[in-house]
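For the numbers below, each heavy atom of this structure counts, side chains included, while hydrogens, waters and symmetry mates do not. Counting starts at 1 for both ligands and their atoms, in listed order. Numbering starts at 1 and runs along the sequence shown.
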Amino acid sequence: MANSLLPTRIVPFALLLVFFGITSARLSTNYYSYSCPNLLPTVKSMVASAVAKEPRIGASLLHLFFHDCFVNGCDGSILLDDTATFTGEKTAKANNNSVRGFELIDQIKSAVEQLCPAIVSCADVLAISSRDGVVLMGGPTWEVKLGRRDSRTARRALVKKYIPTPSFNLSNLISNFSAQGFSTKDLVALTGNYLIH
Ligand SMILES: *[C@@H]1O[C@H](CO)[C@@H](O)[C@H](O)[C@H]1NC(C)=O
Ligand SMILES: *[C@@H]1O[C@H](CO)[C@@H](O)[C@H](O)[C@H]1NC(C)=O
Ligand SMILES: *[C@@H]1O[C@H](CO)[C@@H](O)[C@H](O)[C@H]1NC(C)=O
């Protein structure tokens, strides 16, 4: 098992706060209000169906988002499949056999493509889905700023650098999360999530 976070038992989600402090001027909560007005309800209903079938997937979506964001930002790069000429983040050690939910994101993205072709990024679909997953599992809500662009490349080597390993002690974890702008409370929320995803 490629467990990538400290396997300590901590309150799941309850303290989940923030989100990946992206403050680009281009991002806004109403980014797709005109170009894809039904985006949010469409994503929410698909995540709700998935969570009704398998509650764990709500936590998995947050975990997937977190592992995308920690490596060079929330750019959807973790979603890219390996090919004969490209090796991405998806199968890097800390992600392979740990991160899940890719099929659900693919299904939601396909539905969004039917709704508004070539408008909404995969990175935004992932950001919205993970928020909806948390809310559906009884966690807090937050407004997701949108307008992320998808990465066309991945940074496999950085997965090892940014995703904490199971051998990290508390001070290692606190410093790794702090390097990304996260508090210890955020660390507890995201690590707690890991236990149930
Ligand atoms: C990822 O996991 C799959 C399934 O367990 C395994 O077959 C594959 O070799 C792993 N890939 C890497 C790069 O570790
Ligand atoms: C955590 O591990 C680091 C080495 O990575 C070590 O220097 C430090 O003393 C350890 N801290 C605790 C509290 O065990
Ligand atoms: C994460 O912590 C480890 C162990 O303390 C350290 O080697 C690594 O540089 C840290 N990574 C970041 C991005 O701070």
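- Considering only heavy atoms from C-beta on, Trp142 comes within 4.5 Å of Val144 through its side chain.
- Using a 4.5 Å heavy-atom threshold, the side chains of Ser129 and Val125 count as touching.
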Exercise answer, ligand 1 polar atom pairs (N/O) under 3.5 angstrom:
from, atom 1, to, atom 2, distance (Å)
ligand 1, 2 (O), Asn96, OD1, 3.3
ligand 1, 2 (O), Asn96, ND2, 2.4
ligand 1, 2 (O), Asn97, OD1, 3.3
ligand 1, 5 (O), Asn97, OD1, 3.2
ligand 1, 11 (N), Asn96, ND2, 2.8
ligand 1, 14 (O), Asn96, ND2, 3.2

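- Residue Asn176 places at least one N or O, backbone or side chain, under 3.5 Å from an N or O of ligand 3.
- Taking a cut-off of under 4.0 Å to the non-hydrogen atoms of Ala179, the atoms of ligand 3 that pass are 14 (O).
- In terms of polar-atom proximity, Tyr162 is not counted as a contact of ligand 3, lacking any N or O under 3.5 Å from an N or O of the ligand.
- Sorted by first and then second residue, the salt bridge (charged side-chain N to carboxylate O under 4.0 Å, His left out) pairs involving residues 95-109 (not counting sequence neighbours) are Glu54-Arg100, Lys109-Glu113.
- Close approach of ligand 3 to Lys161 is summarised as follows: ligand atoms under 4.0 Å from at least one heavy atom of the residue are 11 (N), 13 (C).
- Salt-bridge annotation for Lys44 and Asp132: absent, with no side-chain N of the basic residue lying under 4.0 Å from a carboxylate O of the acidic one.
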Donor-acceptor contacts under 3.5 Å from residues 70-80 side chains, at least two apart:
from, atom 1, to, atom 2, distance (Å)
Asp75, OD1, Ser77, N, 3.0
Asp75, OD1, Ser77, OG, 2.7
Ser77, OG, Asp68, OD1, 3.4
Ser77, OG, Glu89, OE1, 3.0
Ser77, OG, Glu89, OE2, 2.9

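- Distance check, rounded to the nearest 0.5 Å: NE2 of His63 to CG of Asn95 gives 7.5 Å.
- Close approach to Phe168 involves these atoms of ligand 3, each under 4.0 Å from a residue heavy atom: 1 (C), 2 (O), 3 (C), 4 (C).
- Residues meeting the side-chain contact (heavy atoms from CB on, under 4.5 Å) test with Ser35, sequence neighbours left out: Tyr32, Ile119.
- Within the 4.0 Å heavy-atom criterion, the part of Asn172 lying near ligand 2 is the side chain and not the backbone.
- Residues Leu61 and Ile105 meet the side-chain proximity criterion, which asks for heavy atoms closer than 4.5 Å.
- Ile163 has its side chain out of reach of Asn176: every pair of non-hydrogen atoms, C-beta onward, lies at least 4.5 Å apart.
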